Undergrad: 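Shown below is the structure under consideration.
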Amino acid sequence: MEKEGTVYLAQLNVFGYELTSIGRTWDEARQAIKDEYEKVCKRLDERGQHGPLDDHGRPREFDDYAEYACLNIHDMSFGHVEWL
């Protein structure tokens with residue numbers, strides 16, 4: 001359930017960076033991370049390189065990688081401190 005006065009902060013460690021997005025909804029924050037992950041993986045594939053691999057040496061789909069690397073989505077209220 002989306003809360004009034006709340007933003008959603010999504011974080012995923014990938015490619016040696018912490019991808020971070022902020023959304024007005026949980027889905028918006030997650031979708032922004034997913035879009036970036038898939039864009040970079042596609043660019044790597046076009047160059048004959050690859051993104052994260054699974055245990056069988058195949059490229060990981062976003063949902064699999066998000067679970068594997070623990071995609072975090074925090075709901076944060078305006079004007080309140082969150083210790084992350």
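If you're wondering where the values come from, they're calculated on a predicted model, not measured in any experiment. For the numbers below, each heavy atom of this structure counts, side chains included, while hydrogens, waters and symmetry mates do not.
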Undergrad: Rounded to the nearest 0.5 Å, what's the gap from CG on Asp54 to CD on Glu61? Could you check?
TA: 9.5 Å
Undergrad: Between Ser77 and His80, is there a donor-acceptor pair closer than 3.5 Å when you use the side chain of the first and the backbone of the second?
TA: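 It does not hold such a pair.
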Undergrad: So Thr20 and Glu18, do their side chains get closer than 4.5 Å, heavy atoms only?
TA: yes
Undergrad: Does the side chain of Val7 come within less than 4.5 Å of Phe78's, by heavy atoms?
TA: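 Yes, their side chains come closer than 4.5 Å.
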Undergrad: Step through the shown structure and confirm whether more than 12 heavy atoms of other residues, nucleotides or ligands are within 6.0 Å of CD on Gln31.
TA: yes
Undergrad: List the atom pairs, donor and acceptor, that lie under 3.5 Å between side-chain atoms in residues 67-74 and the rest of the protein, sequence neighbours left out.
TA:
unit_1, atom_1, unit_2, atom_2, d
Asn72, ND2, Cys70, O, 3.2

Undergrad: Can you list the steps and then say if Arg30 with Asp35 is a salt bridge (charged side-chain N to carboxylate O under 4.0 Å, His left out)?
TA: CA-CA 9 Å; Arg30 183 184 186 281; Asp35 291 346; over 6 Å; no
Undergrad: Does any part of the side chain of Leu44, heavy atoms only, come nearer than 4.5 Å to the side chain of Phe15, both counted from C-beta?
TA: yes
Undergrad: Just jot down the salt bridge (charged side-chain N to carboxylate O under 4.0 Å, His left out) partners of Asp45, sequence neighbours excluded, or say none.
TA: none
Undergrad: How long is the straight-line distance from CD of Glu82 back to CG of Leu9, given to the nearest 0.5 Å?
TA: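 Leu9 atom CG to Glu82 atom CD measures 9.5 Å (nearest 0.5 Å).
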Undergrad: Can you tell if the side chain of Tyr37 reaches within under 4.5 Å of the side chain of Val14, non-hydrogen atoms only?
TA: yes
Undergrad: Answer yes when Arg43 and Glu46 have at least one side-chain N-carboxylate O distance shorter than 4.0 Å, and no when they do not.
TA: no
Undergrad: Which distance, rounded to the nearest 0.5 Å, do you find between the OH of Tyr65 and the CG of Asn13?
TA: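 Result: 6.0 Å between the selected atoms.
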Undergrad: Evaluate the side-chain proximity of Phe62 to Cys41: yes if any heavy-atom separation is below 4.5 Å, no if none is.
TA: no
Undergrad: Is Lys34 salt-bridged to Asp27, going by a charged N under 4.0 Å from an acidic O?
TA: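 Asp27 and Lys34: not salt-bridged.
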Undergrad: At their closest point, which heavy atom of Tyr8 faces which heavy atom of Asp75, and how far apart are they?
TA: CE2-CB, 3.4 Å
Undergrad: Using modelled atom types and a 3.5 Å cut-off, is there a donor and acceptor pairing between side-chain atoms of Arg60 and backbone atoms of Leu53?
TA: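 Judged by distance alone, yes, a pair lies under 3.5 Å.
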